[in-house]
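A, B, ... follow the sequence lines: proteins, then strands. Residue 1 opens every chain.
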Number of protein chains: 2
Amino acid sequence: MSNRRDAVHAVLRQSEGFRSAQDVYAEMRAEGAKIGLTTVYRALQALADTGHVDVLRTDDGESVYRACASGDHHHHLVCRTCGRTVEVAGPAVERWAEAIGSEHGFTEITHTVEVFGTCAVCSTAARPARTPSRA
Amino acid sequence: MSNRRDAVHAVLRQSEGFRSAQDVYAEMRAEGAKIGLTTVYRALQALADTGHVDVLRTDDGESVYRACASGDHHHHLVCRTCGRTVEVAGPAVERWAEAIGSEHGFTEITHTVEVFGTCAVCSTAARPARTPSRA
DNA sequence: ATGATTTTGACAACCATTTTCATTTGCGCG
DNA sequence: CGCGCAAATGAAAATGGTTGTCAAAATCAT
Ligand SMILES: [Zn+2]
Ligand SMILES: [Zn+2]
Ligand SMILES: [Zn+2]
Ligand SMILES: [Zn+2]
């Protein structure tokens, strides 16, 4: 059955941020699950295709997945340190993209919008004094 | 000198949309240029690092580069059929991203925003054009 | 010139993701 | 049960863009 798919979905549900296929696979194996990497990839694709999980590519070209609470169109505010993710709505951006597109004669407009930053937890955890990272 | 780098930059300058490294390499070789793929990759990276060209990843994970006219922060409206690209400013989006970020306690906010669509030319053309991009 | 330094590029190595394909599993039916 | 068939699974091989190697070639410095 889609026992495997559900298992993969479950891992995503209990994750705070986006996870990679390899990442999910590693955790499942560590938990003792008997599943192949190929199946994890297929489950993730299926979940993404059916809109059950969101996907985005990291800077290094890796696909990462997340089971978001909202089923509606939304974007993400992601902490680039710990991965903590906040689902955000951006009606203004939606309108802007649509407007910019038609303004230039484009149709069937879609867009990708992601916001990155350092969350409160991570910014306070960062060493205040001493050499503040590299400059 | 960075003769090679300039050559790569030149190819980008005379291109309308975003081009992949392999793509640029192929064109240069076709033009009779004596250059290696590795060098093209390095030139592209250097140009991107120095902010001389913009980079973005396609859906299939390929990095594509473009020598934009504007040196200021801007975004792109890209035709998903022919690659034609329009540089667009989005002050509203910039503000939105910043606001959303601080609203959730995030700092050092950055964002990625890309708009895709079908340009006027491509939407009227019933028949898909052969040679994608290039100008 | 001539040794030092940087740049180049053919080729191998990476590595996430996809394909293959043989095996296993789930399930309906006699 | 006993079969048969179709979907699911996963180990292993293939893919393909990108990066690492390293020796040869172009530049520079003295
Ligand atoms: Zn989401
Ligand atoms: Zn954080
Ligand atoms: Zn640009
Ligand atoms: Zn077009």
Under 30°, 30 to 60°, or over 60°: which ring-plane class applies to A/Phe18 and A/His76, parallel, tilted or perpendicular? perpendicular
I'd like to know if B/Glu114 and B/Arg57 make a salt bridge, using a cut-off of under 4.0 Å between side-chain N and carboxylate O. no
Does a nitrogen or oxygen in the side chain of A/Thr39 sit under 4.0 Å from OP1 or OP2 of D/dG10? yes
Protein proximity profile, nucleotides 10-22 of chain C - base contact B, sugar-phosphate-only contact S, no contact -, cut-off 4.0 Å on heavy atoms: BB----SBBB---
To the nearest Å, give me how far apart [atom1] ([X]) and [atom2] ([N]) are.
X       : N      : atom1 : atom2 : result
A/Asn3  : D/dA8  : CG    : P     : 13 Å
B/Asp23 : D/dG17 : CG    : P     : 11 Å
B/Asp49 : D/dT19 : CG    : P     : 10 Å
B/Arg4  : C/dT6  : CZ    : C1'   : 13 Å

Hey, any chance A/Val64 and A/Leu44 share a hydrophobic cluster, counting ILVMFWY side chains that come within less than 4.5 Å of each other, even indirectly?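 A/Val64 and A/Leu44: separate clusters.
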Starting from the C-alpha separation in whole Å, work towards a yes-or-no answer on side-chain contact (heavy atoms from CB on, under 4.5 Å) for B/Phe116 and A/Thr112. CA-CA 8 Å; B/Phe116 301 94; A/Thr112 64; 4.0 Å; yes
Can a donor-acceptor pair be found between the side chains of A/Glu94 and A/His111 at a distance below 3.5 Å?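 Yes, a side-chain donor-acceptor pair sits under 3.5 Å.
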How about A/Asp49: does its CG atom have over 12 heavy atoms from other parts shown lying under 6.0 Å from it? yes
